[in-house]
Amino acid sequence: LQAKKVIEPCIDDVIVVVSALGGITDQLLSTAREAASGNPEYELQMQAISARHFQQVEDTVLPEMKDNVRTRISELLGELSNIFKGVFLIKDLSPKTSDAIVSYGERLSSVIVSGTVQGAVLFDSREFIKTKPYFSKHIVDFPETDRLIQKYFAEIPHISVVPGFISTDTATGDVTNLGRGGSDYTASVIASALNADALEIWTDVDGFMTADPRIISNAYTIEHLTYVEAMELCNFGAKVVYPPTIFPTYHKNIPVRIKNTFNPSSPGTFISKSAKGADNGRIIKGISSINDTCLITIRGLGMVGVIGVNSRIFRTLAKSGISVFLVSQAASENTTSIGVRNEDADLAVQVLSEEFAQEIRMGEINRIKQERNLATVAIVGESMKHTPGIAGKLFGTLGKNGINVIACAQGASETNISFVVTIE
Ligand code: ASP
Ligand code: MG
């Protein structure tokens, strides 16, 4: 990401946020699990992780920096190996230890990347990306994080390197992280705190696609999206950037460019406030889908006109850390259907059945029902707003093709129409 230089605004200064070497986060987690299960083979996996990093140093670090980088990498790998040993001996892997282990991926890669560019200054994001607990997750503590980023980058070096993904808890100082894929988010949080000129996400695909190319063979890269469209698409199926990434840049109106590291000449996807530009005139920008859908239905004639039923549904689910991505309730109020991930379904049914035990006993609400292994499909486009006929065309097309819609939802923002279907 590029940040405005405070003193001489003539050359672009760059803050490079790095993720771990490809596959390393998964390997760290699997090595930790092996060690915790008492399998001495974890040592072989640790050796593979070490070898991979030393090889990367040989392949990419500038000759004059190699000694320093090698020394630092050895220290970090030594610490990591001691932590694995501890996990192996006590056969216990707490979430806190797991978070500490997984942080080494970015700590190692950032040291290596900082050794590939003359004069690059390495920062430790654990000092300024701060989190607070929220249900079972850690979320960014924005006031503290923004303050610290502005302090650490009061003077912005020409080239800075920052490990993505990792953070620390504001209150305890424990190492935390922003969730899998969170390096994109680190970059966006920093861009926003510093009012950067632009945020670039360099990934391994050309950008957002009109549909999943594994399903739709003539899907193509979308050149221009609005923030809202990008948020709709990445929150939903399109695994191009980590979903929370867009919001901080939207908030500050910082343009975002998604680029393919392996195909840099491709224009990628440009994300900004207004849709004017390449895709102007296209009402639907993309179609995304997730197969992993379970529909939970809370239904009963005793719900009609009763105030507070939905509030209880959502409070109960939130308390158990269950995320709801689709809600549908008809105006008759006798059925509320919600879409959750299959893995959350049993817990959702259990906690809702407890919450409404009394009403279920009295027959006011039926037994809570779940229907698994469905797919949710969404069509996204900000210009759908006030354009009549889109829903008609959508449902007409589904009907003509014999596809039954189980539930559907459209928010009044009219930027997304989502519907749930069975998977063949
Ligand atoms: N290394 C982390 C992960 O694999 C974060 C990232 O790559 O963005 O999830
Ligand atoms: Mg990533």
Side-chain angles (χ1 to χ4, degrees), residues 184 188 191-192 198-201 203 205-213 215-260 266-290 293 325-329 339 375-401 403 405 407-421:
D184 301 343
S188 160
S192 147
L199 169 67
E200 290 179 0
I201 307 271
T203 179
V205 291
D206 281 346
F208 282 92
M209 309 273 300
T210 50
D212 184 341
I215 305 171
I216 309 294
S217 58
N218 58 355
Y220 56 90
T221 309
I222 308 170
E223 276 183 29
H224 194 167
L225 288 171
T226 65
Y227 291 114
V228 173
E229 290 166 342
M231 272 189 257
E232 294 269 19
L233 285 173
C234 66
N235 194 32
F236 204 78
K239 287 197 182 63
V240 180
V241 294
Y242 185 50
T245 304
I246 307 296
F247 185 71
T249 56
Y250 157 75
H251 197 58
K252 291 284 185 80
N253 201 8
I254 297 167
V256 182
R257 202 174 272 289
I258 315 289
K259 293 283 284 179
N260 189 350
S266 149
T269 299
F270 182 65
I271 302 165
S272 68
K273 193 162 158 186
S274 118
K276 286 200 189 69
D279 297 298
N280 205 7
R282 250 171 244 156
I283 292 173
I284 304 299
K285 291 297 189 59
I287 301 178
S288 60
S289 60
I290 45 174
T293 300
F325 57 78
L326 176 131
V327 186
S328 166
Q329 188 203 274
T376 309
V377 182
I379 60 170
V380 169
E382 234 188 310
S383 317
M384 278 201 280
K385 216 176 297 175
H386 311 308
T387 309
I390 303 292
K393 194 167 174 185
L394 169 67
F395 292 114
T397 307
L398 293 171
K400 262 187 273 166
N401 289 284
I403 298 167
V405 174
C408 66
Q410 182 201 273
S413 68
E414 297 183 55
T415 51
N416 173 325
I417 303 178
S418 310
F419 55 94
V420 178
V421 294

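Quick caveat: nothing in here was measured; it's all calculated off a predicted structure.
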**Candidate pair Ile246 and Cys234, rule side chain to side chain contact (heavy atoms under 4.5 Å, CB included), full reasoning** = CA-CA 9 Å; Ile246 307 296; Cys234 66; 4.0 Å; yes
**With Asn260, the side-chain hydrogen bond (donor to acceptor under 3.5 Å, both in side chains) member among Thr221, Asp206, Thr203** = Asp206
**Item:** Distance in Å, Lys285 NZ paired with Glu232 CD, rounded so as to fall on 0.5 Å steps
**Value:** 12.0 Å
**Message:** Using a 6.0 Å cut-off, check whether atom OH of Tyr250 has over 12 heavy atoms from anything other than its own residue.
**Reply:** no
**Message:** Which heavy atom of Ile222 sits nearest to which heavy atom of Thr269, and what is that distance?
**Reply:** O-OG1, 2.7 Å
**Request:** Check step by step if side chain to side chain contact (heavy atoms under 4.5 Å, CB included) holds for Ser383 and Arg282.
**Result:** CA-CA 8 Å; Ser383 317; Arg282 250 171 244 156; over 6 Å; no
**Complete:** CD1 (Ile390) and CD1 (Ile283) are apart, to the nearest 0.5 Å, by 4.5 Å
**Item:** Glu229 to Glu382 - nearest heavy-atom pair and separation
**Value:** OE2-N, 2.7 Å
**Request:** Provide the closest heavy-atom pair for Tyr227 versus Lys273 in the form atom of the first, atom of the second, distance.
**Result:** CE1-N, 3.4 Å
**Complete:** Looking only at heavy atoms, the pair that brings Asn416 and Ala378 closest together is OD1-CB, 3.7 Å
**Request:** Taking all non-hydrogen atoms of both residues into account, name the closest pair between Ser188 and Thr249 and its distance.
**Result:** OG-CG2, 3.8 Å
**Prompt:** Atom CG of Asn218 and atom OG1 of Thr210: how far apart are they, to the nearest 0.5 Å?
**Reply:** 7.0 Å
